[in-house]
Amino acid sequence: MDKKHKDNKTTLVLFGATGDLVFRKVLPSLFELEMDEEMIAEDIILFTRRDLKTEEFLRDFVRPSLERVFDSVDEKVYERFADRFRYVRGDYDNNEDFKHLKESLGEKGKSNLLFYMPVYPDHLGVIIDNMKEAGVVPLDHAANAWKRVVVEKPFGKDLASARSIFDSLGKVFSTEEIYNIDHYLAKPLLRDMSSLRQKDEKIDNMFGSGEVARINIRLFEAAGVESRGSFYDAVGAFIDVGQNHVLQMLTAALVLAEDLDKDKEIGEAREQALSSIGILTPEEIKTRTRRGQYEGYRQIKEVSDNSDTETYFCVETDIRKGALKGAQINLEGGKRIGKENLKEIEVIFTKDPEAGREDKNERIIFRLEPTEEIEIFKRPGEDEEDVKSITIQLRERTERKQYTEEYKTLFQAAAEGNRSLFLAPRETLLLWEFAEAVIKGWRENLRPLESYPQNEHPAFRGK
């Protein structure tokens with residue numbers, strides 16, 4: 001175990017341990033920490049409703065999860081990893097089961113406690129109430145130890161429910177102890193964007209020589225909804241990726257573009273950036289948004305025959321205060337768009353701010369997929385034909401390994417108290433404030449739903 005975690009023992013409590021997210025992302029990331037001798041927790045307690053024994057969980061969940069990601073599993077490392085697990089069966093609405101959880105913690109309840117909750121928002125309030133009533137986390141937790149809770153999205157279904165979630169969490173945890181996950185913040189490129197101007201002279205010169213005219217965010221997925229019909233039809237593309245991932249890509253770009261005070265915490269900088277984005281009026285919903293649904297979506301199992309759920313969105317807004325005031329924003333995302341995933345941030349500059357002219361020959365693209373790279377387009381002279389492009393190749397990773405690395409980073413950050421890779425409650429509420437105006441307008445059909453062919457850019461795109 002890494003020395004920085006030896007002096008203060010940490011117990012990790014995993015809720016929803018038999019869920020898909022834990023299987024695909026969490027267990028492999030924890031095992032990689034074990035392989036690197038950087039494990040953050042001395043003990044891992046599993047609290048979930050399925051009636052299993054610890055050895056059954058290891059056989060049916062842990063082992064298959066690791067074999068899915070890693071080419072081979074070192075048996076000595078696996079044995080060490082497996083010894084950390086303890087399974088506690090419990091229903092979220094049964095207070096007696098939470099008393100058993102407290103008993104299982106025993107003296108470990110006085111050590112550092114990290115709770116991980118990849119659970120539906122409707123369950124959070126019940127879980128917190130039972131944790132409090134059963135004394136799972138004493139309010140007078142040991143002075144020389146810490147307690148933290150890591151919460152997975154979705155953070156509610158609207159602004160009011162998000163506030164309710166944080167009110168519930170506040171019964172047991174302080175604001176500083178609440179760590180909200182958006183795994184995009186752990187992507188290396190987004191994580192590094194706040195310091196790219198200091199690291200790369202070419203990038204700094206681009207931002208310093210002209211004003212930002214437009215920022216385009218694109219998050220296109222070639223895959224469809226597949227077996228997630230029930231979940232997706234109740235959510236839609238904008239809540240699934242727009243309200244969180246796409247806006248996080250935008251705030252990363254804004255923090256980079258404004259070159260904010262280096263002494264400012266990155267979370268504060270993101271909050272400042274979010275507060276500068278224009279919230280759309282009902283009239284703007286009609287003229288500055290589009291929503292579409294790919295052909296065949298309604299035939300997916302557990303999708304309504306007359307579903308009006310969007311699988312594609314395009315939302316335009318602008319920056320309304322601060323150094324980037326007036327810059328235009330275009331946010332796009334969706335399923336069955338193109339032949340391969342495309343996730344990128346495009347920043348377009350103007351050399352002549354007074355003329356308000358965009359020069360698409362002066363732009364930078366920060367690309368997360370299909371490869372992680374930075375592409376710079378610059379016109380060195382007056383001849384618009386003479387455009388130089390530079391590609392800075394960063395890294396290539398498989399999707400399986402990509403998520404493992406991101407969650408490994410997130411668990412390390414949570415154990416170290418590094419809040420910069422997590423959303424604070426205030427930041428999460430700002431995301432909802434922007435998104436709710438769009439969602440409300442669409443529910444009122446201010447912008448009708450349109451149809452588009454599978455794996456093509458929507459035919460109405462750009463109209």
Side-chain angles (χ1 to χ4, degrees), residues 21 24-26 28-29 116 118 150-156 162 178-196 215-223 235-257 266-267 269-271 273-274 277 313 315 329-335 337 341-347 365-374 394-414 418-432 434-435:
L21 192 150
R24 289 187 300 111
K25 301 177 183 179
V26 173
S29 71
Y116 174 68
V150 176
V151 184
E152 282 280 356
K153 75 175 184 73
F155 309 114
I178 300 171
Y179 290 61
N180 300 313
I181 278 189
D182 183 334
H183 73 87
Y184 263 54
L185 293 179
K187 288 185 177 295
L189 181 55
L190 294 192
R191 199 171 68 224
D192 295 341
M193 279 184 74
S194 61
S195 60
L196 277 176
I215 299 176
N216 298 317
I217 309 293
R218 304 180 184 98
L219 199 162
F220 298 146
E221 297 178 271
V235 174
F238 191 61
I239 291 180
D240 187 39
V241 299
Q243 182 265 345
N244 39 73
H245 299 338
V246 168
L247 284 173
Q248 287 307 326
M249 291 167 70
L250 174 61
T251 54
L254 295 177
V255 169
L256 169 65
I266 187 63
R270 291 198 305 259
E271 284 186 34
L274 279 170
I277 301 170
F313 63 87
V315 176
I329 304 297
N330 190 74
L331 310 173
E332 278 189 288
K335 295 282 191 181
I337 311 291
N341 290 351
L342 178 66
K343 301 176 184 179
E344 64 183 22
I345 301 163
E346 180 184 37
V347 182
I365 298 176
F366 302 91
R367 190 168 290 123
L368 284 74
E369 291 186 29
T371 57
E372 205 167 357
E373 62 187 16
I374 300 171
L394 298 176
R395 55 184 71 80
E396 290 189 65
R397 296 174 294 166
T398 66
E399 182 176 328
R400 292 181 304 166
K401 198 66 172 172
Q402 169 185 336
Y403 288 125
T404 299
E405 290 176 5
E406 288 162 8
Y407 270 79
K408 173 186 173 183
T409 298
L410 288 166
F411 276 110
Q412 284 177 312
N418 177 5
R419 297 179 54 81
S420 69
L421 300 185
F422 299 87
L423 298 170
R426 170 62 181 155
E427 198 176 344
T428 309
L429 295 177
L430 284 170
L431 292 170
W432 269 119
F434 176 81

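Separation of atoms CD (Glu427) and CD (Glu271) is listed at 5.5 Å; rounding is to 0.5 Å. Distance check: Leu256 CG to Ile345 CD1 gives 8.5 Å after rounding to the nearest 0.5 Å. Atom CZ in Arg367 sits 9.0 Å away from atom CZ in Arg218 (nearest 0.5 Å). Put simply, CG on Asn216 and CG on Leu250 are 10.5 Å apart, with the number rounded to the nearest 0.5 Å. Between the CZ atom in Phe411 and the OH atom in Tyr116 there is a gap of 5.5 Å [rounded to 0.5 Å]. From Ile217, atom CD1 reaches atom CG of Asn330 across 9.0 Å, with rounding to the nearest 0.5 Å.
Checking side-chain atoms of Arg191 against main-chain N and O of Ala186 turns up a donor-acceptor pair under 3.5 Å.
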Report task. Show your reasoning for whether side chain to side chain contact (heavy atoms under 4.5 Å, CB included) applies to Tyr184 and Val246. Result -> CA-CA 9 Å; Tyr184 263 54; Val246 168; over 6 Å; no
Query raised in the report: Would His245 and His183 count as a side chain to side chain contact (heavy atoms under 4.5 Å, CB included) if you check the C-alpha gap in whole Å, the side-chain angles of each, and the deciding distance to 0.1 Å?
Result: CA-CA 8 Å; His245 299 338; His183 73 87; 3.8 Å; yes
Query - Residues Val347, Phe366; criterion side chain to side chain contact (heavy atoms under 4.5 Å, CB included); working and verdict - result: CA-CA 8 Å; Val347 182; Phe366 302 91; 4.2 Å; yes
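Minimum heavy-atom separation, Gly242 to Phe313: CA-CZ, 3.5 Å. Contact between Val255 and Ile266 at its shortest, heavy atoms only, is CG1-CD1, 3.9 Å. Looking at every heavy atom in both residues, Glu344 comes nearest to Ile365 through OE1-CG2, 3.6 Å. Looking at every heavy atom in both residues, Ile181 comes nearest to Phe155 through O-CZ, 3.3 Å. Between Ser420 and Arg270, the closest heavy-atom pair is O-NH1, 2.7 Å. For the pair Asn180 and Pro425, the tightest heavy-atom approach, listed with the atom from each and the gap, is ND2-N, 3.8 Å.
With respect to Glu406, the salt bridge (Lys or Arg N to Asp or Glu O under 4.0 Å) criterion is satisfied by exactly one of Arg24, Lys187, Lys25: Lys187. Among the candidates Thr251, Leu274, Asp182, the single residue satisfying the side-chain contact (heavy atoms from CB on, under 4.5 Å) test with Leu431 is Leu274.
A donor-acceptor contact under 3.5 angstrom links the side chains of Glu369 and Asn341, judged on distance only.
No side-chain heavy atom of Leu342 sits less than 4.5 Å from a side-chain heavy atom of Ile337. Counting only heavy atoms from C-beta outward, the side chains of Leu331 and Met249 never approach each other to under 4.5 Å. By the 4.5 Å heavy-atom criterion applied to side chains, Phe422 and Val150 are counted as neighbours. When side chains are defined from C-beta on, Ile277 counts as touching Leu254, because their heavy atoms get closer than 4.5 Å.
Residues meeting the side-chain hydrogen bond (donor to acceptor under 3.5 Å, both in side chains) test with Lys153, sequence neighbours left out: none.
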